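See structure below.
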Amino acid sequence: MMSELPLDQVRTLLAVVDEGTFDAAANVLRLTPSAVSQRVKALEQRTGRVLLMRTKPVRATESGEVVVRFARQLARLERDAQAALGMSGPGEPTQLSIAVNSDSLATWFLPALRRVPEGLGLAYELRREDQDHTAALLREGLVMAAVTSSPEAVTGCSVRGLGRMRYLPVASPGFADRWLGRREGAALREVIGDAPVIGFDRRDDLQDAFVRRLGPAPRASARRHLVPTSEGFVSAVAAGMGWGVVPDVQAEPLLSGGRLVLLAPDHTVDVPLYWQQWKLDSPALATVAEAVAAEAAEALAG
């Protein structure tokens, strides 16, 4: 039937996307580059869609992402079936790819994975991405699950709430004295636009979200340092490079130790987090999902 997707063609498309070129995919599949190209063209003819952008490296189109996601899910189910039938190689781990934001990775997410029984023999590939963009990796079929800020389920995925990650606006005492005069509320809003601020990357909106909470028509800081690791971000704030909003679990020890001061106790920033995963009957994925939900229930705000 023309509606069927030949599995050899589907697997070939996945290999091309993963390897980045037709030649590299041919080496992995032990085929000629011509045979790889013919399989991809045949699949495109069968689906009536262009599935690959012939760039370097190649990229899947929106339709191609659908097929790639199907290919990865098929591979996951095949490995689970082999394990259940005792056909896996001795000691062969079960691979799980998960997208997670940097702050979760630095605080509560790794303890969640420690809840997973060691006997399952899982091997994790963690992809670090902003919580507003982790769902895109699911959509592209690059990961099987993700911690995301989106409550809208990606096609073919389920979603469950995890809780809220709370961020506190903080600065070093010396920085607060020099730039902010230890002001709060509306008075803080008047001076915070002149003060240097720390951001994670160019897509980080959490500091701006805090400033908007202080009142209408806020003035954004023109001097912004970008520090793209969670630990480095906190260190930069504690070192007095700028102010920033920091996860409460990272901020509280530094607040109690006097290395940070809270800028506005009544203006915290809460980010809701969700767990999205493929709708697969995968015991390994289900076990990890339960461990993540259990740890989040203890570590995140309700």
Side-chain angles (χ1 to χ4, degrees), residues 98-116 124 126-134 145-151 160-176 180 184 188 197-201 203-214 225-276 288-302:
I98 304 171
V100 59
N101 61 303
S102 182
D103 288 335
S104 292
L105 192 57
T107 54
W108 64 272
F109 192 77
L110 293 181
L113 297 185
R114 287 200 292 269
R115 290 175 177 258
V116 178
Y124 303 104
L126 301 182
R127 301 281 295 267
R128 188 180 63 184
E129 182 58 272
D130 182 85
Q131 64 270 2
D132 294 335
H133 301 278
T134 49
V147 175
T148 174
S149 62
S150 174
R160 67 194 294 182
L162 294 176
R164 292 174 291 116
M165 195 154 193
R166 176 156 294 167
Y167 290 81
L168 305 179
V170 294
S172 71
F175 181 93
L180 307 175
E184 295 184 6
L188 176 62
V197 62
I198 308 295
F200 188 83
D201 56 28
R203 297 185 297 192
D204 181 7
D205 184 52
L206 291 179
Q207 282 62 229
D208 296 327
F210 164 70
V211 174
R212 288 193 293 269
R213 285 176 170 268
L214 297 177
H225 304 296
L226 301 182
V227 184
T229 70
S230 185
E231 297 85 350
F233 184 102
V234 177
S235 296
V237 175
M241 290 178 60
W243 68 272
V245 292
V246 172
D248 57 358
V249 68
Q250 290 176 302
E252 285 167 356
L254 299 176
L255 288 168
S256 61
R259 295 186 61 197
L260 292 177
V261 293
L262 194 57
L263 300 182
D266 297 330
H267 294 280
T268 59
V269 178
D270 285 357
V271 176
L273 295 178
Y274 302 87
W275 175 258
Q276 293 206 39
V288 171
E290 291 306 316
V292 168
E295 184 67 28
E298 296 181 6
L300 303 179

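None of the values given here were measured: they were computed from a predicted structure. Residue numbers count from 1 along this sequence. Note: hydrogens, waters and symmetry copies are ignored here, and every other heavy atom, side chains too, is used.
Around the CZ atom of Arg259, the shell of radius 6.0 Å holds no more than 12 heavy atoms that belong to other residues, nucleotides or ligands.
Inter-residue side-chain proximity for Leu126 and Leu110 is flagged as met; some heavy-atom pair is nearer than 4.5 Å. Side-chain contact between Asn101 and Phe200: absent, with no pair of heavy atoms (C-beta onward) separated by less than 4.5 Å. Contact annotation: the side chain of Leu180 approaches that of Leu188 to within less than 4.5 Å [non-hydrogen atoms, C-beta and beyond]. Side-chain contact check for Asp205 versus Arg212: some heavy-atom pair is nearer than 4.5 Å. Side-chain contact between Trp108 and Val249 is absent, with no heavy-atom pair separated by less than 4.5 Å. Side-chain contact check for Gln131 versus Val271: some heavy-atom pair is nearer than 4.5 Å. Looking at heavy atoms from C-beta onward, Leu113 lies in side-chain contact with Val288 at the 4.5 angstrom threshold. Side-chain contact between Val246 and Leu168: absent, with no pair of heavy atoms (C-beta onward) separated by less than 4.5 Å.
Nearest heavy atom pair, residue Leu263 against residue Ala171, reads CD2-CB, 4.0 Å. In plain terms, the two heavy atoms of Val147 and Ser104 that are nearest each other are CG1-OG, 4.3 Å. Taking both residues in full, the closest heavy atoms of Ala236 and Val227 are given as CB-CG2, 4.0 Å, listed atom of the first, atom of the second, then distance. Scanning all heavy atoms of the two residues, the minimum distance from Phe175 to Gly240 falls at CD1-O, 3.4 Å.
Taken from CH2 in Trp275 to OG1 in Thr134, the straight-line distance is 10.0 Å, to the nearest 0.5 Å. Taking CG from Leu206 and CG from Asp103, the interatomic distance works out to 7.5 Å, rounded to the nearest 0.5 Å. Here the CG-OG1 distance, from Leu262 to Thr268, works out to 9.0 Å after rounding to the nearest 0.5 Å. The CH2 atom of Trp243 sits 5.5 Å away from atom CZ of Phe210, with the distance rounded to the nearest 0.5 Å. Distance check: Ile198 CD1 to Leu226 CG gives 9.0 Å after rounding to the nearest 0.5 Å.
Remark: Arg166 does not engage Glu252 in a salt bridge, criterion side-chain N to carboxylate O under 4.0 Å. Under a 4.0 Å N-O distance rule, the pair Arg164/Asp248 does not qualify as a salt bridge.
Side-chain atoms of Ser230 and Gln250 include a donor-acceptor pair closer than 3.5 Å.
Applying the ring-ring contact (aromatic ring centres under 6.0 Å, His included) rule to Phe233 yields no partners; only residues at least two apart in sequence or on another chain are considered.
Here the side chain of Ser102 pairs no donor or acceptor atom with the backbone of Thr229 at under 3.5 angstrom.
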